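The block underneath contains the structure these notes are about, expressed in structure tokens.
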There are 2 protein chains.
Amino acid sequence: MTRFEEIRSLPLFAGIGDEAFAALTRGAYVQNFPPAVDLINEGETADFLYIVASGSVELYAGWNGRETSVAFLRPYDTFILAATIKNAPYLMSARTMTKSRLIMIPSENVRSIFETDTEFARAIVSELAKCYRASVRNLKNEKLRTAVERLANYIVKHYRREGEDGHFDLPVEKRKLAARLGMTPENLSRAFSALKNHGVEVEGSRITIREPERLIAFAKPDPLIDKEETRESPRAPSGIA
Amino acid sequence: MTRFEEIRSLPLFAGIGDEAFAALTRGAYVQNFPPAVDLINEGETADFLYIVASGSVELYAGWNGRETSVAFLRPYDTFILAATIKNAPYLMSARTMTKSRLIMIPSENVRSIFETDTEFARAIVSELAKCYRASVRNLKNEKLRTAVERLANYIVKHYRREGEDGHFDLPVEKRKLAARLGMTPENLSRAFSALKNHGVEVEGSRITIREPERLIAFAKPDPLIDKEETRESPRAPSGIA
DNA sequence: GCCCCTGTTTGACAAATATCAAGCGCAAAA
DNA sequence: TTTTGCGCTTGATATTTGTCAAACAGGGGC
């Protein structure tokens, strides 16, 4: 029994042995953070692999005075895995969005247990592939869709996730959502207005989908862009012999 | 000695044993393709891992009648690694750009050798991390920069790669470059014009950088967006004790 | 050498998105 | 309750990017 019991059963660790898990968490931290705390900055080198145990974390990046959000993370997402593995500088910064509990595992441990534990190696690869594919989806979303279309698909995704009873609350400030969707807050405001014509109503952070069919007809969600992937790699295609 | 001698020394295979390499290439193909041949389509499932042995390949994706280029590959890039590992559908399509020779390794082999060969596992992870990071750079480039800025940085990158003697030839059609940089051909044309004010001259596919300092001052290249990464993961930070 | 095809450029215009400034509204602090 | 602050919205406008159509240019086949 360790401080890290809560992550022991995560897909990333479920398959590995007790000694390997102990070695992995040696020198690891569990730490609580208030909202809006900077965790890492792009350009720094990767000393830890992070796991979100509770709360939420924003990955973002900047250039030439501009800034954009790349991802919103929830339990039990990991971040900075690629930089950890390559022992390379972070490409993104991270900050807490809400009060959060994070688990920090020394990069060195990740690299060395990777060598000795095949199950862990497989889990790492699967997690990495998941992150990579998420990034490709993100890129397609950005390059192939307009701002209104991105918002429409964001709403469809949450509509499906949070029960399809026709409404949900935005989990983040609108300004952050705007950055995540690659637009300005003003433009997001107008995009919400535009979606009134497609059966969406907004009141503060409460989103009501009056006519799901119309919204979906407009958004044209595509599994190759919008589907959320699990970390677990299927050993065989499900459903097909 | 096998048909696959030419890839035996690639970083991806260099560290693995002869038997493992033989097992990996069992059932593999080397195949020549003319230009503009469709290789795979997004949504299909991954039967092979591809390696570009010669020529060049375009990764692209479409949605709702639109299409965009995601990457241009050269020897000895791999593609579709993440889908191979997760046994999941491709998120991108691929076609040859020029006459190309491709090596195709059955996904099943990749997955099974991954289990038994630690060196191969490490190489796979490193390759995957490289692709992931490239995708993040791609996304930052797209979200943080205007069309003209993306073009300027593209030129700076090639200026540095192809010898800094002040000129180089575009390796692809302008229409494809436009798609890669996330704009229309017409807009690319105008972006080239705009760069005349920053020391760049264009004549057909010949790019001449008259005033590199001015171009670079405008482009503001950033290693966290524009640097090209090697697949090899450093075992320790170089230069620092 | 000439023609045709295709890719590129240019121009005029429209749509999408950003910017700047002001006003609004709600919630926390006084 | 009132005030204040901050995030959000709205309006006016500028910039960026896309669309459509036409002109242009160069290379391959005849």
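A quick note: this is a predicted structure, and the numbers were derived from the prediction, not measured. Just so you know, these numbers use all the heavy atoms, side chains as well, and skip hydrogens, waters and symmetry mates.
At a non-hydrogen distance threshold of 4.0 Å, Thr146(B), Ala147(B) from residues 146-158 of chain B come into contact with DNA chain D. Shown for residues 168-175 of chain A: residues whose heavy atoms fall under 4.0 angstrom of DNA chain D, namely Glu173(A), Lys174(A), Arg175(A).
When side chains are defined from C-beta on, Phe72(A) counts as touching Met97(A), because their heavy atoms get closer than 4.5 Å. At a threshold of 4.5 Å between non-hydrogen side-chain atoms, the residues Val136(A) and Arg133(A) do not count as touching. No side-chain heavy atom of Tyr132(A) sits under 4.5 Å from any side-chain heavy atom of Leu128(A).
Using a 4.0 Å cut-off between charged side-chain N and carboxylate O, Arg137(A) and Glu229(A) make a salt bridge. We find that Glu142(A) and Arg150(A) are joined by a salt bridge, their nearest charged nitrogen and carboxylate oxygen being less than 4.0 Å apart. Comment: Glu67(A) engages Arg95(A) in a salt bridge, judged by a side-chain N to carboxylate O separation of less than 4.0 angstrom. Taking the charged nitrogens against the carboxylate oxygens, Arg175(A) and Glu186(A) have no contact shorter than 4.0 Å, which rules out a salt bridge.
Listed by first then second residue, pairs satisfying salt bridge (Lys or Arg N to Asp or Glu O under 4.0 Å) with a partner in residues 154-163 of chain A read Arg161(A)-Glu228(A), not counting sequence neighbours.
Under 3.5 Å, the side chains of Glu127(B) and Thr78(B) contain a donor-acceptor pair of N or O atoms. With 3.5 Å as the limit, one finds a donor-acceptor pair spanning the side chains of Arg180(B) and Asn138(B).
Comparing the helix axis at one end of the helix from dG1(C)-dC30(D) to dA30(C)-dT1(D) with that at the other, each defined from 5 consecutive pairs, gives an inter-axis angle of 30° (nearest 10°).
Under the salt bridge (charged side-chain N to carboxylate O under 4.0 Å, His left out) criterion, Arg145(B) pairs with Asp226(B), sequence neighbours left out.
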task: Could you walk me through whether Glu201(B) and Arg206(B) pass the salt bridge (Lys or Arg N to Asp or Glu O under 4.0 Å) test, one step at a time?
output: CA-CA 8 Å; Glu201(B) 231 169 67; Arg206(B) 186 128 194 105; over 6 Å; no
Given protein heavy atoms under 4.0 Å, the one-letter contact record of nucleotides 18-29 of chain C, with B base, S sugar-phosphate only and - none, is simply SBB---------
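With rounding to whole Å, Glu142(B) atom CD is found 10 Å from dT17(D) atom P.
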